[in-house]
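Proteins come first, then strands; the chains are lettered A, B, ... in the order of their sequence lines, and each starts at number 1.
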Number of protein chains: 2
Amino acid sequence: MVKTRWSSGGQAGQPPQQSGSNVTMEFKHQPTATLAEVAEAAGVGESTVSRVLRNHGSFSGKTRERVMAAVERLGYVPNRIAGTLASTGSRLVAFVIPSLSNIVFPDVLRGASAVLEENRYQAVFSVTDYDPGKEEALAAAMLAWRPAAVMLAGCEHTEGTVKMLRASGCRVVELLDLDGDALDIAVGFSNRAAGRESAAFLLKRGYRRIGYVGHDLNRDTRAGKRFSSFCETLAAHDAPLVAREILPGASSVENGRLGLERLLAQTSDLDAVYFSNDDMALGGYFHCLAEGIAIPSKLAIFGYNGLDIGRATPQPLSTIRTPRVATGQIAAQMVVANAPPQAVDLGFELIEGATA
Amino acid sequence: MVKTRWSSGGQAGQPPQQSGSNVTMEFKHQPTATLAEVAEAAGVGESTVSRVLRNHGSFSGKTRERVMAAVERLGYVPNRIAGTLASTGSRLVAFVIPSLSNIVFPDVLRGASAVLEENRYQAVFSVTDYDPGKEEALAAAMLAWRPAAVMLAGCEHTEGTVKMLRASGCRVVELLDLDGDALDIAVGFSNRAAGRESAAFLLKRGYRRIGYVGHDLNRDTRAGKRFSSFCETLAAHDAPLVAREILPGASSVENGRLGLERLLAQTSDLDAVYFSNDDMALGGYFHCLAEGIAIPSKLAIFGYNGLDIGRATPQPLSTIRTPRVATGQIAAQMVVANAPPQAVDLGFELIEGATA
DNA sequence: CAGCAAATTGGTAGCGCTGCCAAAAAAACC
DNA sequence: GGTTTTTTTGGCAGCGCTACCAATTTGCTG
């Protein structure tokens, strides 16, 4: 298991230490081949090697072969750090996302990463835990890498974050929420519209005594927006929200189950419940299955996100499907194409399902 | 929406274009303050600014204040690209993961990213789609950023990948699988042991006619290992696998449901089914709920991963809980601490649940 | 074969920062 | 006060690459 590239005391070329010794060992970077070395090995100038490797500018086929042979022989891997420093623009794209537990964000990353990889961009990320202060700190740390773009969730940011991003001169993409002023590019849909349409759907179906089960809304502002416009719509149709149960912490299936249990204990005669998202709604659904509460005749359930799992439950979940992967894709495409500032509304789709 | 930092024809300081024009516009990077500018503004030398900002070396309190004031005034953000190039080691950690759809990998990233952020490291990632060739290409692209470490899933890699990683001199961490020779550091557990224990559990419970529903095993080698040692264990106890249904493509709840449906159509008298993971198992569980198949009396279900959702279903899912977040955390800690090469077995936990 | 345009090629000045070294200033000592 | 130590500072040479420009070679034309 011990590698020869490990040595103690900074002496290169020493025989490896005994495995299992508790001496603190220092790691030595192997000297990697440089452009200059490749140039010499190929018998051409540095700039020629650079042109060949980037396939940019002109060079003869013979030169190309010589260079590639030398690259192969030396196992040369270009240094993008140096390349980025020397050239004007970087090919890093920074993601500052609230969470990785909520599948929404991996989905966005997935869409974006495919597009970025095709275009030889590199994705970098960090996680804020829904904390605006942490978002600011992480955004600053990201800017230090001089990315081509910074992608953030939503359009609520601290003053410091906004100022910093504005001053940075790099592209800024705000994802998954269009209810606010975009700094530069915004890609997503309206959470307010989602809340509104959810309410309208339940009302149309004839439900009147409607409750809500949600997770911490102060942190997840997008869930908060959906909830408030949901309530407004209900109120506007003379069927104001009857009861709510808001659990601290992140959304999860278990919290959804617990939340519905509490909501039902607290209020009787509810005929429908709106959940802050599908994870929560599935928890509610499971609670009903376990308790023998008939869905949707006795109680209707409505979620948000349109997760795949909601299509495979015995009764497909009624929900709103959001274009998460597409959001990532479009956002990445706009960065790659250096598109002008704009807001792109991808909309969402209401899935009638069988639980409402 | 149009920003003044947009201009056409490369003329800085021009009035912004009309929004909606279809002229291709070019983005101009704003000149960002440099260390030298901060030094001049503070009336000190460049190296002094560098020392203050990194809090490294010695400087007086007065100097510190002057520098920080200048930094504040100019809105200076250090350039880590330049810093990394100039110094010896980078603080980038590269993740080359098979997928973002399978919650396993976001979980690992989550654990790692928390530790890395605390230590001012930056996570970079790309997604291979379980394709070894793509893994090689992406690993090469990653090495171009000269990361402090590369983290990969599993211990099966192409020859080219291995050679390249070995030659790179950067730390290599292989995650989530200990059944093989580690290149450098390995963190995870044994998938073979997981398969074995799953089989042993089902046998202990008295199930003898056991089937399997899985997803594409050629791509997900870890699932393949679990399956093969599961089968071996069954065979060793005179209860060889009765039937299997393997679906092409990635694991998903829908595929699990479909897979079980097909398996049951093909074989009768099964008393238990082992699934390639919890997503698939949940699909199977939903199929049983929908079809009125009593669990576990008529059919037992066993999964793999120990997802939270499996604890909230009407009957808790019988499965093996894997330390995904911890894998990421430990891996990151070892990189940060520059630990010597070793394999760290985090084990797993068998959850008896109520479906088997 | 001269004469000129086009295609290739090499040299070199940075990109913004860190690390080393020596100079300068401050503190401690005789 | 004169040294010796210690602390604080600035200068500058790269890190490995790209971008620009000038030099060289090649290909054609008349």
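When the local axes at the two ends of the helix from C:dC1-D:dG30 to C:dC30-D:dG1 are compared, using 5 base pairs at each end, they differ in direction by 30° after rounding to 10°.
Here B:T327 pairs with nothing under the side chain to side chain donor-acceptor pair (under 3.5 Å) rule; sequence neighbours left out. Every residue two or more places apart in sequence or in another chain was checked for a salt bridge (charged side-chain N to carboxylate O under 4.0 Å, His left out) with B:E46, and none qualifies. For A:R51, the side chain to side chain donor-acceptor pair (under 3.5 Å) criterion is met by A:T48, not counting sequence neighbours. With sequence neighbours excluded, no residue satisfies salt bridge (charged side-chain N to carboxylate O under 4.0 Å, His left out) with A:E117. Legend: residues meeting salt bridge (charged side-chain N to carboxylate O under 4.0 Å, His left out) with B:R110, ordered by chain and number and at least two apart, are B:D107. Qualifying ring pair (Phe, Tyr, Trp, His ring centres under 6.0 Å) partners for A:F95, counting only residues two or more places apart in sequence or in other chains: none. A:D129 meets the salt bridge (charged side-chain N to carboxylate O under 4.0 Å, His left out) test with A:K134; sequence neighbours excluded.
As a whole-Å value, the separation of B:W145 CH2 from D:dC15 C1' is 16 Å. Between the P atom of D:dG16 and the CD atom of A:E37 lies a distance of 8 Å, rounded to the nearest Å. The interatomic distance linking A:E46 (CD) with D:dC21 (P) rounds to 19 Å, in whole Å. Atom-to-atom, CG of A:L85 to C1' of D:dC17 comes out at 8 Å; the value is rounded to the nearest Å. Rounding to whole angstrom units, CG of residue A:L35 and C1' of D:dT18 are separated by 9 Å. As a whole-Å value, the separation of B:R146 CZ from D:dG16 P is 8 Å.
Screening residues 85-96 of chain A for salt bridge (Lys or Arg N to Asp or Glu O under 4.0 Å), with sequence neighbours left out, gives no hits.
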**Study point:** Derivation of the side chain to side chain donor-acceptor pair (under 3.5 Å) call for A:S60 and A:T63
**Key:** CA-CA 5 Å; A:S60 69; A:T63 302; 2.7 Å; yes
Review point. Would B:S47 and B:S50 satisfy side chain to side chain donor-acceptor pair (under 3.5 Å), going step by step from the backbone distance to the final call?
Key: CA-CA 5 Å; B:S47 25; B:S50 177; over 6 Å; no
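Interface limits on DNA chain C: the 5'-most and 3'-most nucleotides within less than 4.0 Å of chain B heavy atoms are C:dG16 to C:dG19.
Note that the OG1 atom of B:T84 and the CG atom of A:L85 stand 10.0 Å from one another [nearest 0.5 Å].
Each of B:E136, B:E174, B:K163 was checked for a side-chain hydrogen bond (donor to acceptor under 3.5 Å, both in side chains) with B:H157, and the lone residue meeting it is B:E174.
Between A:I330 and A:V115, the closest side-chain pair of non-hydrogen atoms is not below 4.5 Å.
At a non-hydrogen distance threshold of 4.0 Å, nothing from residues 56-75 of chain B comes into contact with DNA chain C. Taking every heavy atom of residues 47-55 of chain A and every atom of DNA chain D, pairs under 4.0 Å involve A:S47, A:S50, A:R54, by number.
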